[in-house]
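Every value quoted in this text rests on a predicted model; they were computed, and no experiment measured them.
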Amino acid sequence: MASACPPEASTQPALPSGPAVFKTVPYLFMLPEILCGTWVWILVAATSVSLPLLQGWVMYVSVSSCLISLLLLLTYIFGFHKNSKNWKVLDSLYHSATAILYMSAAVLQANATIHFESSINSPLYYQLNSAASFFAFITTFLYILHAFSIYYQ
């Protein structure tokens with residue numbers, strides 16, 4: 001009689017669900033990503049947006065990234081992923097692409113900040129743009145950390 005081999009146990013850790021999302025290393029970056037990205041959006045919206053082409057891209061990246069990251073976070077919290085390995089690949093691809101987009105947005109926001117540095121009329125707008133640049137680079141760093149930490153679980 002042939003003996004059946006037991007199914008091999010998966011060596012990859014299970015994807016988190018519920019409150020465990022906030023305790024697992026790559027996924028605990030999601031809430032700070034959303035919060036810092038929201039600050040970028042708020043701070044850019046508080047300025048006069050004198051460079052609509054540059055700051056429009058910053059707004060697009062920050063708003064769309066915040067919304068998609070929020071949906072992804074809710075997916076993990078409510079367990080819609082059903083522990084599928086495809087979600088890990090999707091998460092990695094999303095955070096890698098978003099890190100690249102956020103880097104471009106952060107550089108454009110820094111350019112807008114430099115433009116406001118020479119403007120003597122509104123030091124408040126310069127300060128708001130400086131803060132938006134800071135949060136854009138922090139958010140970029142968080143997305144990069146998330147994308148790379150998936151491989152080192």
**Report entry** Minimum heavy-atom distance between V44 and V49, given as atom pair plus value
**Finding:** O-CG2, 3.6 Å

Query - Heavy-atom neighbours of L53 CG exceed 12 at 6.0 Å - result: no

**Report entry** Side chain to side chain, Q55 and N129, heavy atoms closer than 4.5 Å
**Finding:** yes

Query raised in the report: Partners of F148 by ring-ring contact (aromatic ring centres under 6.0 Å, His included), sequence neighbours excluded?
Result: none

**Report entry** side-chain contact (heavy atoms from CB on, under 4.5 Å) partners of L93, counting only residues at least two apart
**Finding:** V89

Requested in this report: Look at the side-chain heavy atoms of Ile, Leu, Val, Met, Phe, Trp and Tyr, link any pair under 4.5 Å apart, and say whether I144 and L108 land in one connected group.
Outcome: no

Requested in this report: Find out if a path of hydrophobic residues (ILVMFWY) with successive side-chain heavy-atom gaps under 4.5 Å connects L54 to Y126.
Outcome: yes

Query - Sequence neighbours excluded, every pair satisfying side-chain hydrogen bond (donor to acceptor under 3.5 Å, both in side chains) that has a member inside residues 131-144 - result: S69-Y143, T113-S133

Query - ILVMFWY cluster, L72 and I77 together (side-chain gap under 4.5 Å) - result: yes

Query raised in the report: So which heavy atom on A132 is nearest to which on L43, and how close?
Result: N-CD1, 3.6 Å

Report summary line: Apart from I114 itself, its cluster of hydrophobic side chains linked below 4.5 Å comprises none

Report summary line: CD of Q109 to CG of L51, rounded to nearest 0.5 Å, is 9.0 Å

Please output the side-chain donor-acceptor pairs of residues 28-42 that fall under 3.5 Å, not counting sequence neighbours, one pair per line with the distance.
residue, atom, partner, partner atom, Å
E33, OE1, H95, NE2, 3.1
E33, OE2, H146, ND1, 3.4
T38, OG1, I34, O, 2.6

**Report entry** Contacts of type side-chain contact (heavy atoms from CB on, under 4.5 Å), residue S104, not counting sequence neighbours
**Finding:** W57

Query - Other residues, nucleotides, ligands: >12 heavy atoms within 6.0 Å of Y94 OH - result: yes

Requested in this report: Tell me whether I68 is reachable from L145 by hopping between hydrophobic residues (I, L, V, M, F, W, Y) whose side-chain heavy atoms are closer than 4.5 Å.
Outcome: yes

Query - Hydrophobic cluster membership, M103 vs V58, 4.5 Å side-chain cutoff - result: no

Report summary line: Between the OG atom in S92 and the CH2 atom in W87, the distance rounded to the nearest 0.5 Å is 14.0 Å

Query raised in the report: If you round to the nearest 0.5 Å, how far is CG of L71 from SG of C66?
Result: 11.5 Å

Requested in this report: Working to the nearest 0.5 Å, report the span between CG of L70 and OG of S65.
Outcome: 12.0 Å

